[in-house]
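Below you'll find the structure, written out as structure tokens, and then a few comments.
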Amino acid sequence: QVQLVESGGGLVQAGGSLRLSCAASGSNFIIRAMAWYRQAPGKQRELVAKITSGSSTNYADSVKDRFTISRDNAENMVYLQMNSLKPEDTAVYYCNVMYGRTTYPWGYREVWGQGTLVTVSS
């Protein structure tokens with residue numbers, strides 16, 4: 001099926017930038033949507049940004065005008081460019097992919113990456 005690997009997390013100062021990457025690999029699938037979620041200690045996992053197969057996007061209000069999600073369809077990659085980072089952005093960031101199977105049994109599936117830690121210091 002499909003596996004995801006995230007990278008790009010790290011420690012940055014407030015106001016700095018990071019770019020997260022997520023690579024999808026496997027066989028017999030077509031990606032329908034890719035998204036980034038995050039989970040801070042003691043909080044629920046929340047949607048940060050999503051991009052569809054048609055390249056439409058949406059963002060959480062807290063990251064609008066600071067984060068940009070993009071895709072590289074040829075490489076099955078999704079990126080999250082994070083600018084003007086704030087301490088409240090500190091969390092584990094998870095890649096999420098909704099995909100359709102191209103072999104039987106047909107249907108849509110969802111898969112999660114292992115997460116990458118982003119820490120923003122004040």
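These numbers come from a predicted model, not from an experiment. Numbers here are sequence positions counted from 1.
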- line: When L80, T90, L20 are each screened for side-chain contact (heavy atoms from CB on, under 4.5 Å) with V118, the one that passes is L20

- request: Can you spot which of V78, V63, V48 makes a side-chain contact (heavy atoms from CB on, under 4.5 Å) with I69?
  value: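 Filter result, single survivor: V78.
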
Identify each donor-acceptor pair in which a side-chain atom of residues 36-46 lies under 3.5 Å from a protein atom, sequence neighbours left out, and give them as a table.
{"residue": "R38", "atom": "NE", "partner": "E46", "partner atom": "OE2", "Å": "2.8"}
{"residue": "R38", "atom": "NH1", "partner": "D89", "partner atom": "OD1", "Å": "2.9"}
{"residue": "R38", "atom": "NH1", "partner": "Y93", "partner atom": "OH", "Å": "2.9"}
{"residue": "R38", "atom": "NH2", "partner": "E46", "partner atom": "OE2", "Å": "3.4"}
{"residue": "R38", "atom": "NH2", "partner": "S62", "partner atom": "OG", "Å": "3.4"}
{"residue": "Q39", "atom": "NE2", "partner": "K43", "partner atom": "O", "Å": "3.2"}

- request: Starting from M77, walk the hydrophobic network (Ile, Leu, Val, Met, Phe, Trp, Tyr; side-chain heavy atoms closer than 4.5 Å) and list everyone else you reach, by chain and number.
  value: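 Via sub-4.5 Å side-chain contacts, M77 links to Y79.
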
Would you tabulate the side-chain donor-acceptor contacts of residues 104-111 under 3.5 Å, counting partners in other chains and residues two or more places apart, or write 'none'?
{"residue": "Y108", "atom": "OH", "partner": "R32", "partner atom": "NH1", "Å": "2.3"}

- request: Look up atom CG in N28 and atom OG1 in T102, then write down how far apart they are to the nearest 0.5 Å.
  value: 4.0 Å

CD1 on I31 to CG on N76, rounded to 0.5 Å: 4.0 Å

Side chains of residues 1-17: which donor-acceptor pairs under 3.5 Å do they make with residues two or more places apart or in other chains?
{"residue": "Q1", "atom": "OE1", "partner": "Y99", "partner atom": "OH", "Å": "3.4"}
{"residue": "E6", "atom": "OE1", "partner": "Q114", "partner atom": "N", "Å": "2.8"}
{"residue": "E6", "atom": "OE1", "partner": "Q114", "partner atom": "NE2", "Å": "3.2"}
{"residue": "E6", "atom": "OE1", "partner": "G115", "partner atom": "N", "Å": "2.8"}
{"residue": "E6", "atom": "OE2", "partner": "C95", "partner atom": "N", "Å": "2.7"}
{"residue": "E6", "atom": "OE2", "partner": "G115", "partner atom": "N", "Å": "3.2"}
{"residue": "Q13", "atom": "OE1", "partner": "S121", "partner atom": "OG", "Å": "2.6"}
{"residue": "S17", "atom": "OG", "partner": "N83", "partner atom": "OD1", "Å": "2.9"}

query: side-chain contact (heavy atoms from CB on, under 4.5 Å) with S27: which residues, sequence neighbours excluded?
result: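 If we apply the side-chain contact (heavy atoms from CB on, under 4.5 Å) test to S27, skipping adjacent residues, there are no hits.
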
field: With S122 via side-chain contact (heavy atoms from CB on, under 4.5 Å) - residues at least two apart
entry: P87

task: Grab the two heavy atoms, one from S53 and one from R71, that are nearest each other, plus how far apart they are.
output: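 For S53 versus R71, the nearest heavy atoms are CA-NH1, 3.1 Å.
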
- line: Here the pair of heavy atoms bringing L18 nearest to L85 is N-CD1, 3.9 Å

task: Using a 4.5 Å cut-off on heavy atoms from C-beta on, say whether the side chain of V92 contacts that of T116.
output: no

query: So do T52 and M34 actually touch side chain to side chain, heavy atoms under 4.5 Å?
result: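 The answer is no; the side chains never approach within 4.5 Å.
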
query: Is D65 atom CG crowded by more than 12 heavy atoms from other residues, nucleotides or ligands, each under 6.0 Å away?
result: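 Counting neighbours around CG of D65, 12 or fewer heavy atoms of other residues, nucleotides or ligands fall under 6.0 Å, so no.
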
- request: With side chain to side chain contact (heavy atoms under 4.5 Å, CB included) as the test, would you mind laying out the steps for E88 and V120 before giving the verdict?
  value: CA-CA 8 Å; E88 51 263 44; V120 184; over 6 Å; no

Connected via hydrophobic side-chain network under 4.5 Å: Y94 and Y59: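 Hydrophobic grouping puts Y94 apart from Y59.
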
